[in-house]
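Residue numbering restarts at 1 for every chain, and letters A, B, ... go by the order of the sequence lines.
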There are 2 protein chains.
Amino acid sequence: MSPGHRSRADPPIRPPLTRERIAATALSLIDEVGVDGCSMRLLGSRLGVEAMALYHHFPGKGDLLEAVMDELAAEWDLPARGTQPPLGRLRHLVRSYRATALRHPRAFVLLAARRFQTERSLALSERILEALADLGLDAAESARWFRLIGGFASGFGMADAASLERIDAPTPLGMERGSAIAPYPHLRAVAPHLRVDKLDAVFEFGLEVLFDALAARLIGRP
Amino acid sequence: MSPGHRSRADPPIRPPLTRERIAATALSLIDEVGVDGCSMRLLGSRLGVEAMALYHHFPGKGDLLEAVMDELAAEWDLPARGTQPPLGRLRHLVRSYRATALRHPRAFVLLAARRFQTERSLALSERILEALADLGLDAAESARWFRLIGGFASGFGMADAASLERIDAPTPLGMERGSAIAPYPHLRAVAPHLRVDKLDAVFEFGLEVLFDALAARLIGRP
DNA sequence: ACCTGAACACCGTTCAAGT
DNA sequence: ACCTGAACACCGTTCAAGT
């Protein structure tokens, strides 16, 4: 027998349990069953381990979910300062953030609803503020635009996630079905333009409005 | 003894259990302990009743939370069509929606994260679309502005709610404490302008940017 | 150091029974 | 019709025990 031989009594081989592997598995489990459906016990079984083993890598479920948020943040693309002018970088950062809602509609609520202080999330904020500073905004103006852009990206992402949820969800469709909105003529007229296939165009329109307004306020500055 | 006499064996008097009273109590319980802390058992005990009694008024917890959302919606003020010009009505509607985040920071996440199809929520959407139509926008343009304004209001409200949460929460403060943001110079510089006492000013700035942009695109229309 | 098994104090929900 | 009590199938988490 070769030196690598495993007898019948050996436990089955599996990749070692690490924070990274746990968080990545948790994210794909949330993609399947949602945040509420992602229990420590179910996650453990996905990893071939008892639920309690997870507590050797995370103090509690809150910390695990924070690691999942960092997993989302790892997908962001943060362009370096020299590669593009500030407005282009801003556009790129906002698109990158919103793309998370399209890829992980069920996990996106974590970003919007929970405090969020990982290295990568702070890095995104720093890049946005850096771009605003490069445009010549002072700290008070940057704070205003930061919250405006952030509110837009977060609110838009939530709406995207909700729209994508509905596609294969068994829940009542609401707007897409005529029934609930029947007494509301304006809702009826606008509903076709809020469909899932229009999400990108509507998002790009909002981005354009915001950045046009920002650019307009920069005219005549040193 | 008077006809209204109650013998020692009578159960204690309490207001009758109705959907309305259950939903209102659930909202104030969520204000105290958050959505996750609002269990059917705890809510029942607040109402002087076993948890299972609630299932005679709501098919499940999801329906109860929808009634809580309608309770939030009942606080909105929807101005009638004749009282103000369309832009003034829009401003009023967005302020009214965002005010919910200030009054009920722990409940606000329900509005942002859950599908939401009560009469009152549809009425708010209809009023917003009515104002946009009164400005002369067609259905496709209305859909774009509806999502832009909605994303702004929703995203901003979530940020407000998160800021208010932090005040008496035992969770780490992050930005307000210097430690986590120490390596990020722009975050450090901007943090003082993101404090809770600046929320209103920052919100009004965003509102002004959005409505200026909207008004600018209406110039020269019939 | 890493994982298991049993246990504790909770959940939402079902169901038969009470009044 | 409205509410209770017991029960079921789950939770997150603690802790002593295994290797």
Side-chain angles (χ1 to χ4, degrees), chain A residues 6-27 29-30 32-69 106-107 109-110 113-114 170-171, chain B residues 6-27 29-30 32-69 106-107 109-110 113-114 170-171:
Chain A
R6 298 169 54 244
S7 82
R8 218 157 38 90
D10 282 342
I13 289 179
R14 59 167 163 69
L17 211 54
T18 62
R19 284 177 61 98
E20 234 297 308
R21 208 167 74 86
I22 294 172
T25 306
L27 175 54
L29 184 55
I30 289 173
E32 278 180 56
V33 300
V35 174
D36 288 344
C38 174
S39 72
M40 299 296 271
R41 285 166 159 95
L42 183 54
L43 176 57
S45 82
R46 285 293 168 96
L47 290 157
V49 107
E50 294 298 313
M52 294 65 200
L54 304 173
Y55 287 88
H56 267 268
H57 301 268
F58 296 97
K61 192 176 186 179
D63 308 84
L64 198 158
L65 291 178
E66 190 163 316
V68 171
M69 289 162 67
R106 313 191 78 159
V109 65
L110 292 172
R114 297 177 70 91
T171 53
Chain B
R6 296 169 56 243
S7 82
R8 219 156 37 87
D10 282 341
I13 290 178
R14 61 167 161 71
L17 210 54
T18 62
R19 284 176 63 97
E20 234 297 307
R21 207 166 76 83
I22 294 171
T25 306
L27 175 53
L29 184 56
I30 289 172
E32 279 180 56
V33 300
V35 174
D36 287 343
C38 175
S39 72
M40 300 297 269
R41 285 166 159 97
L42 182 55
L43 176 57
S45 82
R46 284 292 169 95
L47 291 158
V49 106
E50 294 297 314
M52 294 66 199
L54 304 173
Y55 288 88
H56 267 266
H57 300 269
F58 295 96
K61 192 176 186 179
D63 307 84
L64 198 158
L65 290 179
E66 190 163 314
V68 171
M69 290 162 68
R106 314 190 77 160
V109 65
L110 291 172
R114 296 176 70 89
T171 53

task: Output yes when a side-chain donor or acceptor of A/Arg21 lies under 3.5 Å from a complementary backbone atom of A/Pro16, and no otherwise.
output: yes

- request: Identify the heavy atoms of B/Ala107 and B/Leu27 that sit nearest to each other, and give their distance.
  value: CB-CD1, 3.8 Å

Residues in contact with DNA chain C, drawn from residues 51-61 of chain B - heavy-atom cutoff 4.0 Å: B/Met52, B/Tyr55, B/Gly60, B/Lys61

DNA chain D contacts made by residues 35-44 of chain B, counting heavy atoms under 4.0 Å: B/Arg41

- request: Round to a whole Å and report the spacing from CD1 of B/Ile22 to C1' of D/dC2.
  value: 11 Å

task: Heavy atoms only: give me the nearest A/Val33-A/Cys38 pair and the separation to one decimal.
output: CG2-N, 3.9 Å

- prompt: Residues in side chain to side chain contact (heavy atoms under 4.5 Å, CB included) with A/Ser39, at least two apart?
  reply: A/Arg41, A/Leu42

- request: Measure from CZ on A/Arg19 to P on C/dC2 and round the result to the nearest Å.
  value: 13 Å

message: For B/Phe58 versus B/Ile22, what's the shortest heavy-atom pair and its separation?
response: CE1-CG2, 3.7 Å

message: Just the rounded figure in Å: distance from P of C/dT4 to CG of A/Leu47.
response: 11 Å

- prompt: Where is the tightest heavy-atom contact between B/Met40 and B/Ala51, given as atom of each residue plus distance?
  reply: O-CB, 3.5 Å

statement: Residues at least two apart in sequence or cross-chain that pass salt bridge (charged side-chain N to carboxylate O under 4.0 Å, His left out) with A/Arg46, listed by chain then number, are A/Glu32

Selection residues 47-62 of chain A - residue pairs positive for side chain to side chain donor-acceptor pair (under 3.5 Å), sequence neighbours left out: none

task: Starting at the 5' end of DNA chain D, write a dot or bracket for each base, bracketing those in Watson-Crick or G-U wobble pairs whose two distances are under 3.5 Å and using | for partners on another strand.
output: ||.|||||...|||||.||

- prompt: Do you know the tightest heavy-atom contact between A/Leu64 and A/Ala26?
  reply: CD2-CB, 3.7 Å

- line: Looking only at heavy atoms, the pair that brings A/Val68 and A/Ala23 closest together is CG2-O, 4.0 Å

